[in-house]
Enquirer: 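The structure follows.
Keep in mind that this is a model prediction, so the values were computed, not measured.
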Amino acid sequence: MTKIKGTGLIILKKLIEDKGPEAIKQLEKNLSPEALKIWESTTLAISWIETELAYEGTFLYEGCKVLFPGNLQKALWETGKIMAKEGLPRFYQIFIRIPTPQFIFKRVAQLWHSFYREGEASIESEGKNTAVFVLRDFPGYDANMRVYMTGYLFGMGDILGLKNIRVSLDEGNPQEWRWNIVWS
């Protein structure tokens, strides 16, 4: 089990509720008993939730499938992208373009422990139009979550107004994952 902040759950609940009662029923039907209990709880953004992340029966995994039916990998990526945008209040989105993109990606890494109790995130290299987001020491951050994070980083680039954004994941080292972010 992993401890995560309730922020993502609150955003996911709103997105599912916006799709209507049928979407809520579909999601709740597919949740594991543990995930359903979390889903139905009164969770605050500052609450820590102990849960599995993106496995069958979890609220993120099943929520992705409700939000974006069809290809699971695309659904995880799209959900990550939306979470980047929805997790940042509109007010701040106006000001986020003032600092450099590298500064913003560095802040994403620095804020990692605001949302997860595990893993060490950092930005290892920054070029003119590049950044490398690195995540170490989080064995429970499975392949589904890595796809989700790829979408999240793309979404941050989109908020920044970057053009021709590409985010690629290097999984060559099982002790760390590297997301190469490139834009023009």
Enquirer: Test of understanding: clusters of I, L, V, M, F, W, Y form through side-chain heavy atoms closer than 4.5 Å, transitively. Do Ile10 and Ile16 belong to the same one?
Expert: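 No, because Ile10 and Ile16 fall into different hydrophobic clusters, even though each may have its own neighbours under 4.5 Å.
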Enquirer: Trp183, Val132: one ILVMFWY side-chain cluster at the under-4.5 Å cut-off?
Expert: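 No, it is not one cluster - the side chains of Trp183 and Val132 are not joined through contacts under 4.5 Å.
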Enquirer: Identify the heavy atoms of Thr43 and Gly6 that sit nearest to each other, and give their distance.
Expert: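 Taking Thr43 first and Gly6 second, the nearest heavy atoms are CG2-CA, 3.7 Å.
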Enquirer: Just say parallel, tilted or perpendicular for the rings of Trp112 and Tyr141, cut-offs at 30° and 60°.
Expert: perpendicular
Enquirer: Counting N and O atoms only, with roles assigned by atom type, does the side chain of Gln102 sit under 3.5 Å from a partner on the main chain of Gly127, one being a donor and the other an acceptor?
Expert: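 At least one qualifying donor-acceptor pair exists.
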Enquirer: Applying the 4.5 Å side-chain criterion to the ILVMFWY set and letting contacts propagate, would Leu15 and Met156 be lumped into a single cluster?
Expert: yes
Enquirer: Is the backbone of Gly119 close enough, under 3.5 Å, to the side chain of His113 for a donor and an acceptor to pair up by distance?
Expert: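 Side chain of His113 to backbone of Gly119, a donor-acceptor pair under 3.5 Å: yes, one is there.
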Enquirer: Out of curiosity, Leu72 CG to Thr79 OG1, how far, rounded to the nearest 0.5 Å?
Expert: 9.0 Å
Enquirer: Enter the distance from Tyr61:OH to Met145:CE here, rounded to the nearest 0.5 Å.
Expert: 13.5 Å
Enquirer: Search all heavy atoms of Ala75 against all heavy atoms of Cys64 and return the closest pair with its distance.
Expert: CB-O, 3.5 Å
Enquirer: Let me see the working for Met83 and Tyr148 under side chain to side chain contact (heavy atoms under 4.5 Å, CB included), right down to the final yes or no.
Expert: CA-CA 9 Å; Met83 292 297 233; Tyr148 169 86; 3.3 Å; yes
Enquirer: If hydrophobic clusters are built by linking Ile, Leu, Val, Met, Phe, Trp and Tyr wherever their side-chain heavy atoms come under 4.5 Å apart, do Ile38 and Trp48 end up in the same one?
Expert: no
Enquirer: Enter the distance from Lys19:NZ to Gln26:CD here, rounded to the nearest 0.5 Å.
Expert: 8.5 Å
Enquirer: Over all heavy atoms of both residues, which pair between Val66 and Ala23 is shortest? Give the atoms and the distance, please.
Expert: CG1-CB, 3.6 Å
Enquirer: Counting N and O atoms only, with roles assigned by atom type, does the side chain of Lys13 sit under 3.5 Å from a partner on the main chain of Trp39, one being a donor and the other an acceptor?
Expert: yes
Enquirer: Locate the shortest heavy-atom distance separating Arg146 from Trp179; write the atom from each residue and the value.
Expert: O-NE1, 3.4 Å
Enquirer: Would you call the rings of Trp77 and Phe154 parallel, tilted or perpendicular, taking 30° and 60° as the class edges?
Expert: tilted
Enquirer: Got a sec: does the CD of Glu56 have more than 12 other heavy atoms crowding it under 6.0 Å?
Expert: no
Enquirer: Could you grab the distance from atom NZ of Lys5 to atom CG of Leu111, nearest 0.5 Å is fine?
Expert: 11.5 Å
Enquirer: How about Ile123 and Phe133: do any of their side-chain heavy atoms sit closer than 4.5 Å?
Expert: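 When only atoms from C-beta onward are counted, Phe133 and Ile123 do touch, with a gap below 4.5 Å.
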Enquirer: Say you draw a straight line from OG1 of Thr130 to CZ of Arg166; how long is it, rounded to the nearest 0.5 Å?
Expert: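 Rounded to the nearest 0.5 Å, the OG1-CZ separation comes to 10.5 Å.
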Enquirer: Do Phe105 and Val134 sit in the same hydrophobic cluster, where Ile, Leu, Val, Met, Phe, Trp and Tyr count as joined when their side-chain heavy atoms come under 4.5 Å apart?
Expert: no
Enquirer: Identify the two heavy atoms, one from Gly57 and one from Ala35, that lie closest to each other, and give their separation to 0.1 Å.
Expert: O-CB, 3.2 Å
Enquirer: If you apply the rule side chain to side chain contact (heavy atoms under 4.5 Å, CB included), what do you find for Glu17 with Ile24, and how did you get there?
Expert: CA-CA 6 Å; Glu17 287 169 358; Ile24 296 167; 3.8 Å; yes
Enquirer: From Gln73 CD over to Phe68 CZ, what is the distance, rounded to the nearest 0.5 angstrom?
Expert: 14.5 Å
Enquirer: If I compare all heavy atoms of Ile11 with all of Gly87, which pair ends up nearest, and what's the gap?
Expert: CD1-CA, 3.5 Å
Enquirer: For a 4.5 angstrom cut-off between non-hydrogen side-chain atoms, does Asn129 reach Leu162?
Expert: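 When only atoms from C-beta onward are counted, Leu162 and Asn129 do not touch, as no gap falls below 4.5 Å.
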Enquirer: Going by heavy atoms in the side chains, are Leu36 and Glu28 under 4.5 Å from each other?
Expert: yes
Enquirer: Is the shortest heavy-atom distance from the side chain of Leu67 to the side chain of Glu78 under 4.5 Å?
Expert: no
Enquirer: So, Thr58 versus Glu52: side-chain donor-acceptor pair below 3.5 Å or not?
Expert: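 No pair is found: no donor N or O on one side chain lies under 3.5 Å from an acceptor on the other.
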Enquirer: Would you sort out whether Glu22 and Lys25 count as a salt bridge (Lys or Arg N to Asp or Glu O under 4.0 Å), showing the intermediate values?
Expert: CA-CA 5 Å; Glu22 286 304 312; Lys25 282 182 199 170; 3.6 Å; yes
Enquirer: As a quick check of understanding, evaluate salt bridge (Lys or Arg N to Asp or Glu O under 4.0 Å) for Glu62 and Lys65, giving each step before the final call.
Expert: CA-CA 5 Å; Glu62 300 301 336; Lys65 295 190 313 188; 3.1 Å; yes
